[in-house]
Structure formats: structure tokens, C-alpha cells
Amino acid sequence: MSELKMTGKQLLGLGYPQGPVIRVAIDVIAEHYPAATPEEAEAVLSSVLKDPVAYQHDPVLGAIAAHLMVEEKPEVIALRDTPVDYAIFGAEFIEEGTIKQLNNAIRLPVAVAGALMPDAHQGYGLPIGGVLATDNAVIPYGVGVDIGCRMCLSILDLPEASLETQASNYQKALKNKTKFGAGAEWKRNDADPVLERSEFREIPVLRNLLDKAAGQLGTSGSGNHFVEWGIVTILDANNEWNLAPGNYVGLLSHSGSRGMGAQVAGHYTRLAKELCVLPKEAQHLAYLDMNTEAGQEYWLAMNLAGDYASACHHLIHQRMIAEMGATLLARVENHHNFAWKEIHHGKELIVHRKGATPAGKGMLGIIPGSMTAPGFIVRGKGEESSLHSASHGAGRQMSRTKAIASITAEEMRKMLQDNGVTLIGGGLDEAPGAYKDINTVMSAQSDLVETVGRFQPKMVRMADGGPAED
DNA sequence: ATGTTC
């Protein structure tokens, strides 16, 4: 795409006021004046600024004019005085600030129920590991920035011993068939039905994101995202796939909706904060009414981002499995940053899980440990007090900054060696010691999920920070 | 989490 992209600075230079009009003007120019020169765009924007009333009925520029004419801010929506009671799992691991965040969220006028998972920690708006059910309203920051961030596990017919005897082939697949780093794209990529979805044409904010989405399909991004080979141990003889208990080679991935989802999240978070002004301590919990155009649009865009994240995992797995000449025996996958329409207490609610695994009765999911600690294949017990949810991992016990400052490269190398794990990329901020003990976290949620099997990582690839790698 | 954004 070569559409004209104005910057906030340029607009302020023209005399535009601080505020939402900046974003609106950038969007309008990108969408409706793609072929204009910067000078032409500035001339148009200056005319609107000079006399917004003259443009208020203009089908394109009217949106900018409306923002220039608006002066009064919407009224601040008060939080309820009396919070709804909610369950906390593993309260002994959860910091006071995290609980305060859910205490605020549960006082939203649209909040119906909530829960905190044992890996919970502070986030923007809703805490990570937080679950919140609302009545007919969706909170963009209740889903999170990485919409549809999810896990995918493939169980393969390869012999366990091949992880050692064929180690170089497994490593080659990780190096050649995955791509990590912020902004990383495949130069030549496969087609996928998700890229044909009509939402890319029908929803304005998605129109400019199709090219990026096409390039980033099947990439993993950065942060805590990974692709890894390891050993799946099936423990439950009554498993859904009739797999014999024992060991299998598995492929596990963790990633989300990449730049496309991040842009969707950013757009609707800004919009929600304009339309729904809350007291300062709850400002990031701004919600969209599901009966409004904005709410409906977010719902469609969020679902598309979720399907896109799923397609990314499937492409990664398809390429890795083909590279190893393997056959897929079973697959488990689940979003852990998303919102769903679910019935609880006889009423349809919008259930936000921000870093929480869906755990309805009989639902399968994956809860990862760390690059050396096992992950768990789980089956939900449908516990109502957790709103059918469980943790989405072990949870950090150290911030990234603290991990980098307090864990040495030698300690991390030894930890990997002791556990027989090979790491490609990765940094000290993702060291095993930066995470809580997954076994402790699992025992804090034994009422929420049962264990079907385990996954022991053996060969891990992560982003190594800095610019995109090849 | 994201090429680090009004």
C-alpha cells in the first residue's frame, strides 16, 4: 500500500488541536486521498480547519469537521459503589495491585461477574489472568492488545527418539519455517481463506491492513511468543483421540494476530475511550455498547483477528509438519486473549478472558509452563465461579526488566542444559526463572481443569529482540 | 504485544 500517511506532528503544525481529530484526519486522508501529495492533503485539511461548519455535511471530510466542531466531552460514567463478589484462584501468588484492577473492573455499570486466575498480574485495564463478564458491552482492553493470542499443539506420529537422532532436521525446520521479530513478514507467502474475508473490505480500519496481514500470515512476532518441538506425554487413557498413553513428538506454538490485531485493538480502544469516559482509575476499561455500530464493528474485527491468529498457527504447523514428513494424530488449540458470548446464570453475557484459558466442561486447552518447564494439555471442568476459565500459563514472577538485571546468561545456559533444551533466539527476559512454578499454579486450579497430558519442550525458538530476523 | 502512533 502506498496510501498517504499524515503524522500527528504535521497536523499539529497545521494548527489542528490535540485530541481525537488527529487520528480521524490521518484515517480519512489514508483512506480517501491515497494518491494525493502531502501538499494537497495539507491544503484540504487546512480548509476544513478554517471553516468546519462548511464541511459538516461533506460525506468524506464531515467526520473531521464534526470533531473540530465538538467541544463538550461526554459525561463521566460513574462506577458502582458496591462491587460484585468474585473468586480469586491462587490468591497467595497475586499482588495487591492486580486485585485492585479487578476490583475496579467489577464496579463497571456493565459488569456482571468476574474471576482472577492464579497467574494473574497487572495489565492495562483488565489484569492479565483476569476474566470479566459484562451485559451487552465489550471492552477492547478486556481482550488485550494481542487479540486472539493463542496456543496450538500438534501431536505427531514421529518416534520420540528422533528428537535426538534427527535433531538437526528439527532445528532446520524451526530455523527455516518460522519467522520471528516485530514487523516480520514472509517475502513470498501462501494464500489463505481468512484473507478473502469480506470484513477486510467492509470495515474501514481493516481496509488498510490486508497487505500487512497477508505478509505476516504464518509469522510469530516477539515477546513471549514461541514455536517449539517437544515430547507430549498422554496420561489420560480416556482421551478424546483414543491415543495410547505414552510419549509422542509434539509441536507447540504461542502467538497472536500480529500487527493486524494490534492495529484493530488500538483503533477500538481509542474509540471506546472517546465514547465511554470513565473515572481515571478505570479509564482503560472503556467499553462499547454491543447495540452500537462501533460495538458491532469491534466484535466483527475481533473475531476476524482471532481467525487470523488461528490461521497463522495452522500455517506454521502445516509447514513444520510437512518439512518433517510427519502425520498429524491430534491437535489442541485455544485463544487466551478474547471475548465470547456465553450463557452464565441463564443469561447471555460477554465473557472477556485476557490471558485466561477457556475451561468449559469438556473443553480442551493448552497451558504452557516455560521454555524448560512442562506445559499441560487440560480438560475444563466447567467451574462456574471461574466463569469456565483457567490460567494461560505459569505467570511471571519477575518483570522483564528485573529478569534481565538479575538472571545471568550463564545461569540460563545451565538451566537449558540441565533440562536438555536447545534454544534458538530468546532472551534473559524469557528465562525459566522469570516465571512462577507451573506445578504450583496448576495445583491452585485443580477445581478448574484436569490434566490430559503434558508437553516437555526440547527445542525452542523465540525472537531474540531487536529488528526482524531472517 | 506492536515496526514502538494522538
Side-chain angles (χ1 to χ4, degrees), chain A residues 1 3-30 45 49 63-64 67-68 70 73 121-129 140-151 179-186 205 208-209 211-213 215-216 219-226 253-274 283-284 286 301-302 305-306 308-309 312-313 335-338 353-355 392-393 396 399-401 427 429-430 462-470:
Chain A
M1 280 273 181
E3 79 272 3
L4 181 55
K5 196 107 178 148
M6 303 288 293
T7 64
K9 246 183 199 160
Q10 281 176 284
L11 289 157
L12 294 174
L14 291 175
Y16 269 65
Q18 284 282 2
V21 66
I22 302 281
R23 163 55 46 185
V24 172
I26 291 171
D27 286 348
V28 166
I29 294 300
L45 291 167
L49 178 63
I64 302 175
H67 275 84
L68 289 170
V70 164
K73 276 206 158 189
H121 55 271
Q122 284 187 65
Y124 247 95
L126 198 64
I128 322 295
Y141 260 137
V143 169
V145 176
D146 192 4
I147 300 172
C149 186
R150 70 200 318 264
M151 303 300 305
K179 196 173 276 291
F180 282 79
E185 292 192 21
W186 291 104
V205 70
N208 295 323
L209 295 173
D211 283 6
K212 183 197 281 277
Q216 295 189 333
T219 64
S220 298
S222 58
N224 56 6
H225 290 174
F226 60 75
S253 53
H254 174 214
S255 52
S257 50
R258 309 288 288 104
M260 177 251 188
Q263 300 259 336
V264 167
H267 175 83
Y268 289 99
T269 297
R270 279 189 295 270
L271 187 58
K273 283 173 156 179
E274 278 177 40
Q283 58 178 332
H284 300 306
M302 178 197 77
Y308 174 76
C312 285
H313 282 263
H335 293 322
H336 53 219
N337 281 9
F338 212 62
R353 293 190 182 86
K354 185 185 190 181
H392 81 313
R396 285 191 165 272
S399 68
R400 291 182 181 278
T401 327
D429 49 346
E430 286 299 327
M462 302 189 85
D464 60 8
E469 307 128 54
D470 297 320

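Letters go in sequence order (proteins before strands), and every chain restarts at 1.
Applying the side-chain hydrogen bond (donor to acceptor under 3.5 Å, both in side chains) test to Y308(A) and every residue at least two apart in sequence or in another chain returns nothing. When the side-chain hydrogen bond (donor to acceptor under 3.5 Å, both in side chains) test is applied to E430(A), the partners found at least two apart in sequence or on another chain are R396(A), R400(A), Y435(A).
Taking only side-chain atoms of A182(A), from C-beta outward, the nucleotide of dG3(B), dA1(B), dC6(B) with the closest atom is dG3(B).
Between the OH atom of Y141(A) and the P atom of dA1(B) there is a distance of 13 Å, rounded to whole Å. Taking atom CZ on R400(A) and atom P on dA1(B), their separation rounds to 5 Å, with Å as the unit. The interatomic distance linking K354(A) (NZ) with dA1(B) (C1') rounds to 11 Å, in whole Å. Atom C1' of nucleotide dT2(B) and atom NE2 of H225(A) are separated by 10 Å, given to the nearest angstrom. Atom NE2 in H267(A) sits about 17 Å away from atom C1' in dT2(B), given to the nearest Å. Rounded to whole angstrom, the span from the CZ atom of F180(A) across to the C1' atom of dT2(B) amounts to 16 Å. Across the protein-nucleic acid pair, Y124(A) atom OH and dT5(B) atom P stand 11 Å apart, rounded to whole Å. The interatomic distance linking R258(A) (CZ) with dT4(B) (C1') rounds to 13 Å, in whole Å.
Between the side chain of Q263(A) and the base of dT2(B), no donor-acceptor pair of N or O atoms lies under 3.5 Å.
Residue N224(A) has a polar side-chain atom (N or O) positioned under 4.0 Å from OP1 or OP2 of dA1(B). The side chain of Q216(A) places an N or O atom within less than 4.0 Å of a non-bridging phosphate oxygen (OP1 or OP2) of dG3(B).
For the segment residues 143-150 of chain A, residues with any heavy atom less than 4.0 angstrom from an atom of DNA chain B are, sorted by number, V145(A), D146(A).
The 5' end of DNA chain B is approached more closely, in terms of each residue's nearest nucleotide, by G256(A) than by the other of I26(A) and G256(A). For the pair K9(A) and G221(A), nearest-nucleotide mapping onto DNA chain B gives the more 5' position to G221(A).
Under the 3.5 Å distance criterion, the side-chain polar atoms of Q263(A) are left unmatched by any main-chain donor or acceptor of L209(A). Under the 3.5 Å distance criterion, the side-chain polar atoms of T7(A) are matched with a main-chain donor or acceptor of Q10(A). In this structure a side-chain-to-backbone donor-acceptor pair under 3.5 Å is missing from Y268(A) to A301(A).
A donor-acceptor contact under 3.5 angstrom links the side chains of H254(A) and H336(A), judged on distance only. For S253(A) and H313(A), the side-chain atoms include at least one donor-acceptor pair closer than 3.5 Å.
Across all strands shown, K212(A) has heavy atoms under 4.0 Å from sugar-phosphate atoms exclusively, and none from any base. Residue S257(A) is out of contact with every strand shown, counting any heavy-atom pair closer than 4.0 Å.
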